[in-house]
Student: 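Before I ask anything, here is the structure I am working with.
Quick note: numbers below take in every heavy atom, side chains included, and nothing from hydrogens, waters or symmetry partners. Note that the structure is predicted; figures quoted are calculated from it, not measured.
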Amino acid sequence: MRTQVCIIGGGPSGLLLGQLLHRQGIATVILERKTRDYVLGRIRAGILETGTADLLRQAGAGDRMDRESFAHEGTVIAYGDTQFGVNFHAHTGRDVIVYGQTELTRDLYDAREAAGAPTLFNVDHVTIHDAKSDAPHVTYHVAGTEHRIDCDFIAGCDGFHGVSRQTIPLSVRREYEKIYPFGWLGILSETPPVHDELIYSGSERGFALCSMRSATLSRYYIQCALSDSPEDWSDANFWEELKRRIPEDAADRLITGPSIEKSIAPLRSFVCEPMQWGRLFLCGDAAHIVPPTGAKGLNTAASDVHYLYTGLRQHYLDGDSDGIERYSERALARVWKAERFSWSTTNLLHRYPHQSEFDIKMQQAEVAFLRDNAAAQKVFAQNYVGLPY
């Protein structure tokens, strides 16, 4: 098989890149290790930056998002007895959009199928060859039979455990990582959200987050030990602990119900440099991970897609290769800013093992400064709604 861009990974970043390129007449093939149903079964983020929403519209996959999503003009931050709002719209003129990643991914799959663009599922033994040459190719197996795709470029959108990053030699790539000493226990419940905005809450018992997917579907999280498993937490115990960590008025109006999904996610910050090697380009989790506190995982992947799509479009349509040659430089400049925001927001509201009384006082001072300082709130809002590309 021959194509212009081979995309490894059929998650949202690979699908978004493929759809944007298709609309410019640039041929792509997507290779996905799992089935479509498996990909759509993964419960992920639901907050979209303005730039991410605009990219979906450019890809021709934003109609349902525009109909069914709802805008958030701000968020609530709580710490002990302190509770205040940060109004994104007042500080930036922009909002964020609540729209589940599962729905976004379904929209992109539907758009790709309607376009007749090829997506190959149940692919294994993917191997990238000759990425440093002018003629790279990818081999893979389906049902035990090896196949080959010749291409101009390869986009590695295959996640943290994928083959793409591992293809870059250790002598070339440098990895930066911070492992946090806690995880997030999250549940999904068919209950109305406790508040019409997200509530980020720090307490002496640890962090909690009240989020939502729709007017009838809520997503809640609490900080937990890395040694915990979902089976350690009954629904009743989860709801009891959540109420202890959020403001009293929110706890009083919280509507509980059986969980329809329960999982624990470890937290890490991770960046790989560079994000390109020859004609191989890394996008999303293949290149970087952020703790979910700042709602930046999917959105940072989308910003990678923006830079790579722009570079490839300029290469094919204008004969200008500057965008692809500087892809890693441009993408990483924004990635590190998103990493900083996610790291700082995590530090602001979580309890760490062996945290001293001085450390706790510093957290309290940081929260008070954010509460009382309009300039600090503006900076927070600018980062949350998304820095410009």
Student: With a 4.5 Å cut-off on side-chain heavy atoms, are Q363 and Q355 touching?
Tutor: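 Yes - at least one pair of side-chain heavy atoms lies under 4.5 Å apart.
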Student: Between R334 and E49, does any NZ, NE, NH1 or NH2 come within less than 4.0 Å of an OD or OE carboxylate oxygen?
Tutor: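 The answer is yes: the pair qualifies as a salt bridge.
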Student: Given K296 and E339, is the salt bridge (Lys or Arg N to Asp or Glu O under 4.0 Å) satisfied, shown in steps?
Tutor: CA-CA 8 Å; K296 290 290 164 249; E339 291 279 348; over 6 Å; no
Student: Taking the six-membered ring for Trp, is the centroid-to-centroid distance between Y352 and F182 below 6.0 Å?
Tutor: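 Centroid distance Y352-F182: below 6.0 Å, so yes.
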Student: If you round to the nearest 0.5 Å, how far is CG of L108 from CG of L56?
Tutor: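 Result: 5.5 Å between the selected atoms.
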Student: side-chain contact (heavy atoms from CB on, under 4.5 Å), that's the test. Do D372 and F84 meet it? Break it down for me.
Tutor: CA-CA 9 Å; D372 300 334; F84 60 96; over 6 Å; no
Student: Does the separation of the ring centres of Y200 and F380 fall below 6.0 angstrom?
Tutor: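 No - the distance between ring centres of Y200 and F380 does not fall below the 6.0 Å cut-off.
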Student: Are the side chains of Q58 and R23 in touch, meaning some heavy atoms are under 4.5 Å apart?
Tutor: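 The answer is no; the side chains never approach within 4.5 Å.
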Student: Measuring from atom CD of E273 to atom CE of M275, what distance do you get when rounded to the nearest 0.5 angstrom?
Tutor: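 These two atoms lie 9.5 Å from each other.
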Student: If the threshold is 4.0 Å, N to carboxylate O, is there a salt bridge linking R36 and D110?
Tutor: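 Looking at D110 together with R36, the answer is yes, because their closest N to O distance falls below 4.0 Å.
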Student: Just by distance, no angles: are the side chains of Y79 and E366 close enough, under 3.5 Å, to form a donor-acceptor pair?
Tutor: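 There is no such pair between these side chains.
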Student: Closer than 3.5 angstrom, by distance alone: can the side chain of Q4 be matched with the main-chain N or O of D152 as a donor-acceptor pair?
Tutor: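 No, because the side chain of Q4 does not come within donor-acceptor range (under 3.5 Å) of the backbone of D152.
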Student: Can you see whether Y180 has K178 sitting over its ring - NZ or CZ less than 6.0 Å from the centre and within 45° of the normal?
Tutor: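 Positive - K178 is close enough to the ring of Y180 and near enough to its axis.
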Student: Is it true that R313 and D320 make a salt bridge, defined as a side-chain N closer than 4.0 Å to a carboxylate O?
Tutor: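 No, R313 and D320 are not salt-bridged.
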Student: Could you tell me whether the side chain of N122 reaches within less than 4.5 Å of the side chain of T35, counting heavy atoms only?
Tutor: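 Side-chain contact under 4.5 Å: yes.
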Student: What orientation do W233 and F238 show, parallel under 30°, tilted 30 to 60°, or perpendicular over 60°?
Tutor: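 Ring orientation of W233 relative to F238: perpendicular.
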Student: If you measure only the distance, is there a donor-acceptor pair under 3.5 Å linking the side chains of T293 and T346?
Tutor: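 Present: a donor and an acceptor within the cut-off.
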Student: Going by the angle between their ring planes, with limits at 30° and 60°, are F207 and W184 parallel, tilted or perpendicular?
Tutor: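 Taking W184 first and then F207, their aromatic rings lie parallel (interplane angle under 30°).
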Student: In terms of relative ring orientation, are H306 and Y389 parallel, tilted or perpendicular, with 30° and 60° separating the classes?
Tutor: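 Judged by the thresholds at 30° and 60°, the geometry between H306 and Y389 is parallel.
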Student: Do M212 and H72 come within less than 4.5 Å of each other through their side chains, counting heavy atoms only?
Tutor: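 Yes; the side chains approach each other to less than 4.5 Å.
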Student: Can you spot which of Y176, W343, F341 makes a ring pair (Phe, Tyr, Trp, His ring centres under 6.0 Å) with W336?
Tutor: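 Single pass found, and it is Y176.
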Student: Between I260 and L217, is the side-chain contact (heavy atoms from CB on, under 4.5 Å) condition met? List the steps.
Tutor: CA-CA 10 Å; I260 58 175; L217 193 62; 3.8 Å; yes
Student: Do the side chain of T50 and the main chain of D95 share a donor and acceptor less than 3.5 angstrom apart?
Tutor: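 Side chain of T50 to backbone of D95: a pair is present.
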Student: Would you check if the side chain of D359 reaches a backbone N or O of S356 as a donor-acceptor pair within less than 3.5 Å?
Tutor: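 At least one qualifying donor-acceptor pair exists.
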Student: Is T105 reaching over with its side chain to a backbone N or O of L40, donor-acceptor style, under 3.5 angstrom?
Tutor: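 Flag not set: sc T105 to bb L40 has no pair under 3.5 Å.
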Student: Please determine if D134 and R279 form a salt bridge, counting it only when a charged side-chain N lies under 4.0 Å from a carboxylate O.
Tutor: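 Salt bridge between D134 and R279, a charged N being under 4.0 Å from a carboxylate O: yes.
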Student: Measure the shortest side-chain to side-chain distance between L16 and Q19 over non-hydrogen atoms and say whether it is less than 4.5 angstrom.
Tutor: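 SC-SC contact between L16 and Q19 ruled out.
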Student: Under a 4.5 Å cut-off applied to non-hydrogen side-chain atoms, are D304 and H288 in contact?
Tutor: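 D304 vs H288: side chains touch.
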Student: Using modelled atom types and a 3.5 Å cut-off, is there a donor and acceptor pairing between side-chain atoms of Q276 and backbone atoms of I324?
Tutor: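 Confirmed, Q276 side chain pairs with I324 backbone.
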Student: Y99 and D107: side-chain contact (heavy atoms from CB on, under 4.5 Å), yes or no, with the steps?
Tutor: CA-CA 11 Å; Y99 191 62; D107 295 342; 2.6 Å; yes
Student: Return the orientation label for the F88 and Y384 ring planes: parallel under 30°, perpendicular over 60°, tilted otherwise.
Tutor: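 F88 vs Y384 ring planes: parallel.
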Student: Using only heavy-atom distances, determine whether the side chains of S344 and N347 contain a donor-acceptor pair under 3.5 Å.
Tutor: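 Short answer, no.
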Student: Return the orientation label for the F270 and F160 ring planes: parallel under 30°, perpendicular over 60°, tilted otherwise.
Tutor: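 F270 vs F160 ring planes: perpendicular.
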Student: Can R244 and E240 be said to form a salt bridge (Lys or Arg N to Asp or Glu O under 4.0 Å), step by step?
Tutor: CA-CA 7 Å; R244 292 174 176 174; E240 181 181 355; 2.8 Å; yes
Student: Answer yes or no: are there more than 12 heavy-atom neighbours, outside R174 itself, under 6.0 Å from its atom CZ?
Tutor: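 Atom CZ in R174 is not packed in, count stays at 12 or less.
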Student: Indicate the atoms forming the closest heavy-atom contact of I97 with R57, along with that distance.
Tutor: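 The answer is CD1-NH2, 4.0 Å.
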Student: So do K132 and W277 actually touch side chain to side chain, heavy atoms under 4.5 Å?
Tutor: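 In short, these two side chains touch, coming nearer than 4.5 Å.
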Student: Output, in order, the C-alpha distance, side-chain angles, deciding distance and verdict of side-chain contact (heavy atoms from CB on, under 4.5 Å) for R351 and Q223.
Tutor: CA-CA 8 Å; R351 282 298 171 102; Q223 176 185 344; 4.3 Å; yes
Student: Not counting sequence neighbours, list each pair that qualifies as a salt bridge (Lys or Arg N to Asp or Glu O under 4.0 Å) and has a residue in residues 189-208.
Tutor: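 Output for this query lists R205-E241.
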Student: Are side-chain heavy atoms of L185 and D228 found at a separation under 4.5 Å?
Tutor: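 Contact flag for L185/D228 side chains = no.
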